[in-house]
Q: 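Take a look at the following structure, please.
First listed ligand is number 1; within each ligand, the first listed atom is number 1. Residue numbers run from 1 in the order of the sequence given.
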Amino acid sequence: MPVLRITKHGERVLKTACPPADFEGLKPELPALLKSMWATMNAARGVGLAAPQVGRSLRLAIIDVRPEGKSERLVLINPEILSREGELNDEEGCLSLPGIYSKLKRAAKVRVRALDENGKVWERVGEGLLARAFQHEIDHLDGKLYVDRLPFEDRLRVLDAVREAKVRWG
Ligand code: NI
C-alpha cells in the first residue's frame, strides 16, 4: 500500500471542519484507504493520523498508542467525545508540524464513541496518551491543530519554528 503524502500546517484541508462520513458510501474504498493510512502513520512513526492529513476531508482517524509496547489499532469514524475529566499538561506533536513540540493542557481522561471499520459502534475511555490522541485527532476533524489551542506566547514560539521549518518540509 502506498505511503501517502502528509499535509502540512497551512494547507487548507487541515483548517476545514470535515463533514460527517456516510459509512455506506465510504465502505467500498475504506479497506484500501485505511491500509494506506496505517502505512503512512507507521512510516512517519506517529501514534495517530486523521483523514485531512492525507488530504481527505472525512471524519475518519486512526490511532495506535501501542499500550505496553503492543500494537492496538483503533479506527474512529464520526467520533464524538462524550465526557472529559481532569487536566494534564504534557508534550504534544503532530505529523503535520514535524519536529515541533509544545506542552499543551488537555483533559486527562475522555470517553469517546465512534464507528469502527465495520460500521460497528464502540465506546472507550482513554487516559494519558490515549486521551491526548483522542482529543488531538478529533480536533483535526474539526479543522484544528494543537497549535491553535496553545496560549498566546507558546503559539508565537511554535509559529516561528513553523516558519523556519517550512523550508525543510518542502
Ligand atoms: Ni496531528
Side-chain angles (χ1 to χ4, degrees), residues 1-21 33-67 71-81 84 87-110 112 114-117 124 126-151 154-166 168-170:
M1 274 299 145
V3 168
L4 305 170
R5 178 182 162 271
I6 297 179
T7 54
K8 300 296 186 301
H9 177 271
E11 292 185 48
R12 183 181 295 269
V13 69
L14 291 174
K15 301 182 207 172
T16 308
C18 308
L33 177 58
L34 284 173
K35 264 191 197 163
S36 301
M37 285 178 69
W38 286 119
T40 304
M41 190 192 93
N42 291 334
R45 298 171 184 277
V47 298
L49 188 72
Q53 294 184 282
V54 295
R56 300 289 305 269
S57 199
L58 261 181
R59 293 194 85 80
L60 162 69
I62 57 174
I63 290 175
D64 187 354
V65 297
R66 303 185 61 82
S71 180
E72 189 189 15
R73 291 178 162 197
L74 298 173
V75 172
L76 296 80
I77 299 170
N78 296 335
E80 306 168 67
I81 293 180
R84 305 162 192 266
E87 195 177 79
L88 199 63
N89 194 22
D90 210 346
E91 189 119 293
E92 194 156 320
C94 178
L95 296 177
S96 294
L97 294 109
I100 297 169
Y101 301 88
S102 188
K103 287 231 170 187
L104 174 62
K105 278 184 194 158
R106 295 273 196 189
K109 193 171 166 182
V110 294
V112 165
L115 299 180
D116 70 8
E117 65 271 44
R124 170 104 187 229
E127 292 185 65
L129 182 56
L130 182 56
R132 188 164 291 271
F134 278 152
Q135 293 166 86
H136 180 110
E137 298 312 326
I138 293 171
D139 268 357
H140 271 300
L141 307 183
D142 293 327
K144 283 202 187 84
L145 298 180
Y146 79 84
V147 6
D148 302 325
R149 292 202 177 272
L150 291 173
D154 292 343
R155 189 159 69 236
L156 287 187
R157 187 177 48 73
V158 166
L159 290 176
D160 272 345
V162 167
R163 249 188 304 279
E164 280 173 35
K166 274 190 175 156
R168 289 196 305 276
W169 295 346

Q: Hey, are Arg73 and Glu117 close enough for a salt bridge, meaning a charged N less than 4.0 Å from a carboxylate O?
A: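 No salt bridge links Arg73 with Glu117.
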
Q: Verify side-chain contact (heavy atoms from CB on, under 4.5 Å) between Thr40 and Leu95, making sure each step is shown before the conclusion.
A: CA-CA 10 Å; Thr40 304; Leu95 296 177; over 6 Å; no

Q: Check for me: within less than 2.8 Å of the Ni ion (ligand 1), which protein N/O/S atoms show up?
A: Cys94 SG, His136 NE2, His140 NE2

Q: Taking only residues two or more places apart in sequence or in another chain, which ones pass salt bridge (Lys or Arg N to Asp or Glu O under 4.0 Å) with Glu92?
A: Arg106, Arg132

Q: Please report the interatomic distance CZ(Phe134) to CD1(Ile63), rounded to the nearest 0.5 Å.
A: 5.5 Å

Q: Could you work out, with side chain to side chain contact (heavy atoms under 4.5 Å, CB included) as the rule, every residue matching Arg66, not counting sequence neighbours?
A: Asp64, Ser71

Q: Using residues 41-51 as the side-chain source, report each donor-acceptor pair under 3.5 Å to any protein atom, sequence neighbours left out, with the distance given to one decimal.
A:
residue, atom, partner, partner atom, Å
Asn42, ND2, Trp38, O, 3.2

